[in-house]
Amino acid sequence: MGTTTVEANNLGKRFKDTAALDGFDLTAEAGTVLGLLGPNGAGKTTTVRILTTLLRFDTGSAAVAGFDVARDARQVRRRIGLTGQQTAVDELLTARQNLILFGKLFRLDKTRAGERADQLLAQFGLADAAHRQAKGFSGGMKRRLDLAASMILAPQVLFLDEPTTGLDPAGRREVWDAVEGLAADGTTVVLTTHYLDEADRLCDRIAVIDHGRNLVDDTPAGLKRRMGHDRLEIVAADPSDLPVLQGIIAAVADGDTAIDEGASSVSAPVKESVAALTAAATSLRDKQLTVADIGLRRPTLDEAFLELIGTPAKEDQQ
Amino acid sequence: MTTLAPLPDETLAGRLKWTLHDYRAIVGQEFTHLWRQPVNFAWQLGFPIVMVLLFVYVFGSAMDVTGQGAGVDYVAYAMPGMFAMTMAFGFTNTAWAVAEAKQKGFIDRVRSMPMASSAVVVGRNIADTIHAAVDLLVLFLIALVIGWRSDGTFWETLGAFAILLWLRFALIWVGVWLGLLVKSVEQAGNLFAIAFPFGMVSSVFTPPELMPDWLGAIAAWNPVSATATAIRELFGNPSAVGDSWPEQHALTAAIVWPVIITVIFLPLAVRKFQNLGR
Ligand SMILES: Nc1ncnc2c1ncn2[C@@H]1O[C@H](COP(=O)(O)OP(=O)(O)OP(=O)(O)O)[C@@H](O)[C@H]1O
Ligand SMILES: [Mg+2]
């Protein structure tokens with residue numbers, strides 16, 4: 001499709017003496033899933049609250065579904081769904097009553113609201129709990145109900161702030177399926193998460209934020225590529241071998257070797273991974289050393305992320 | 001999945017219709033709460049009942065409100081006071097409910113929805129006023145059991161009922177404002193520390209005449225006293241008034257005070273709500 005449904009430019013937001021956002025940019029194309037990643041306090045929730053009209057910002061501009069967030073809040077609200085970081089259901093109502101209430105507030109008539117409630121309860125595995133008060137729900141059940149409520153209208157843009165935090169594996173899978181289903185039908189999804197496997201699986205693009213500034217905006221594959229090379233790792237059978245093993249790895253490495261004392265392992269990035277592995281294995285045999293494990297590690301998104309966050313923001317800006 | 005488009009509400013009439021629809025949905029939600037929490041409802045009424053029993057049977061026997069001796073007619077004096085006090089304390093319930101809706105993220109959720117944003121505040125007000133009317137009916141019944149009677153006509157009695165609700169209605173704006181102002185539900189609970197002197201330094205259980213001068217003056221000018229004295233007159237119950245202006249013109253004061261409260265606190269509450277996005 002290629003049209004931009006979420007566009008924020010140079011967003012700035014201060015809370016007293018903290019700059020929650022400091023010139024943050026964000027774009028999402030229609031029908032794609034955008035992941036917003038960053039450490040605690042990076043400004044993810046602040047961004048989501050601004051884009052969903054809940055929070056005013058100091059500088060910059062933001063448009064969602066073609067409408068200016070500050071000037072046309074009403075139009076924006078008609079086109080978005082939101083599941084905030086904090087679960088926001090009415091705990092005194094039953095699951096079904098909650099969904100009907102929100103359905104009514106989304107201007108569905110009574111029958112439509114009831115039908116939609118039942119569909120969503122089934123979709124999120126809450127059919128059995130439909131007539132129980134949300135007060136007695138587990139954290140994960142409340143979360144699912146909360147998510148269901150944000151999907152009542154199949155919104156044009158859906159914002160999910162840490163949607164799967166606290167969910168069991170089955171619950172996460174339901175959320176992923178729902179997000180993928182909505183995205184396939186054209187909904188743009190903006191989600192924040194601390195789970196990199198989730199971002200890897202769901203997101204078309206990932207924007208990394210830290211201290212309210214853009215660190216990187218890339219595809220999951222692109223992010224991993226930035227990590228560069230595979231790492232060759234040897235786990236020592238006897239920790240006293242570590243210095244010798246470091247020497248073996250350094251001889252074939254294309255970068256600094258790292259020693260992990262706790263895991264008794266040595267590793268380093270390698271360009272020609274198979275050749276490096278063979279060379280290292282050969283020198284192990286020549287030196288008649290026994291090791292617990294030797295192998296190649298593909299970079300994970302976790303490592304890409306940690307590397308990004310670990311470096312000062314300015315150096316990585318682009 | 002079916003895409004369900006929001007219904008259009010661009011015309012003025014359409015907007016009005018949907019605004020009323022939103023109010024109804026929120027009021028309906030409040031009633032489901034009451035229905036779901038009968039115990040809570042009972043507790044809220046428990047407090048005024050305990051207070052009245054305490055005053056009538058413990059302190060009341062020592063109080064001479066009619067000039068005919070200690071304890072005489074005290075029930076007839078204290079019951080209207082209890083009605084007024086319950087209305088005065090009611091704003092803490094409002095504040096608590098608003099603070100909870102805010103803390104639980106419910107207010108944020110509805111603020112991100114296309115509904116009329118006034119519905120949270122207005123719906124709260126309608127629901128709380130109806131709730132207060134039910135409270136009053138229950139308290140009337142209990143008062144009748146204890147031996148209180150209204151000697152006023154049907155219309156005077158109904159007027160007293162309306163004046164009580166009028167005070168409660170005005171104080172709802174105070175409750176909404178405070179509920180949005182406080183940082184947490186716990187803080188909202190502490191508001192009772194403000195409510196208690198506001199309700200008690202008044203003529204609800206003790207004539208201001210019997211208090212030290214300075215305290216009596218505050219009590220005489222307290223809006224709660226105006227309501228208590230006005231309804232005593234309408235019920236034909238003893239009222240033991242001094243000669244300050246609000247005591248002499250209790251009915252006028254009982255109508256005007258809530259107007260003043262509304263004029264001050266309605267804009268404060270609305271502004272606070274609109275500025276939640278700061
Ligand atoms: N209402 C507020 N008042 C004061 N400071 C705030 C407020 N909301 C957020 N902040 C500050 O703004 C910064 C960004 O917070 P934000 O909630 O956006 O982080 P986040 O990326 O969502 O973090 P997390 O991963 O922990 O959810 C933090 O330093 C936070 O302390
Ligand atoms: Mg957050």
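Because the structure is predicted, anything quoted here is derived from the model rather than measured. Numbered from 1 within each chain, the chains take letters A, B, ... in sequence-line order.
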Q.
Heavy atom to heavy atom, less than 4.5 Å: which residues from residues 82-92 of chain B reach chain A?
A.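 Hits under 4.5 Å: none found.
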**Q.** Contacts of residues 97-109 of chain B with chain A (heavy atom under 4.5 Å)
**A.**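 Residues in range: B:Q103, B:K104, B:G105, B:F106, B:D108, B:R109.
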(Q) Check whether A:F67 forms a cation-pi arrangement with A:R78 (NZ or CZ under 6.0 Å from the six-membered ring centre, at most 45° off the ring normal). (A)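 No, A:R78 and A:F67 do not form such a contact.
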Q) Hey, is B:D22 close enough to A:K104 for a salt bridge, meaning N to O under 4.0 Å? A)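 Judged by the 4.0 Å cut-off on N to carboxylate O distance, B:D22 and A:K104 do not form a salt bridge.
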Q. With the threshold set at 4.0 Å, does a side-chain nitrogen-carboxylate oxygen contact exist between A:D118 and A:R96?
A.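 Salt bridge between A:D118 and A:R96, a charged N being under 4.0 Å from a carboxylate O: yes.
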Quick one: does any side-chain atom of [X] pair with a main-chain N or O of [Y] as donor and acceptor, under 3.5 Å?
X	Y	value
A:R116	A:M151	yes
A:R79	A:Q156	no
A:D68	A:A63	no
B:N222	B:F198	yes
A:R77	B:R111	yes

Against chain B, label [X] side chain, backbone, both or neither, depending on which of its atoms sit under 4.5 Å from a heavy atom there.
X	value
A:E91	side chain
A:D58	neither
A:T87	backbone
A:A73	neither
A:Q97	side chain
A:L54	both
A:F102	both

Q | Stepwise side-chain hydrogen bond (donor to acceptor under 3.5 Å, both in side chains) check, A:D146 with A:T83 | A | CA-CA 6 Å; A:D146 203 20; A:T83 294; 4.9 Å; no
(Q) In terms of relative ring orientation, are B:F196 and B:F192 parallel, tilted or perpendicular, with 30° and 60° separating the classes? (A)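 Plane angle between 30° and 60°, so tilted.
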Q. In this structure, which one of A:I209, A:L11, A:L51, A:N9 forms a side chain to side chain contact (heavy atoms under 4.5 Å, CB included) with A:L26?
A.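 It is A:L51; the other options fail the test.
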(Q) Checking side chain to side chain contact (heavy atoms under 4.5 Å, CB included) between B:H131 and each of B:L136, B:L34, B:T94, which is the one that passes? (A)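 Answer after filtering B:L136, B:L34, B:T94: B:L34.
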Q.
For a side-chain contact (heavy atoms from CB on, under 4.5 Å) check, start with the C-alpha distance between B:W173 and B:L268, then their side-chain angles and the critical distance, and finish with the verdict.
A. CA-CA 8 Å; B:W173 306 118; B:L268 280 176; over 6 Å; no
(Q) Only pairs of heavy atoms separated by less than 4.5 Å count here; which of A:V76, A:D90, A:V89 has the most with chain B? (A)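 Answer, by heavy-atom pair count under 4.5 Å with chain B: A:D90.
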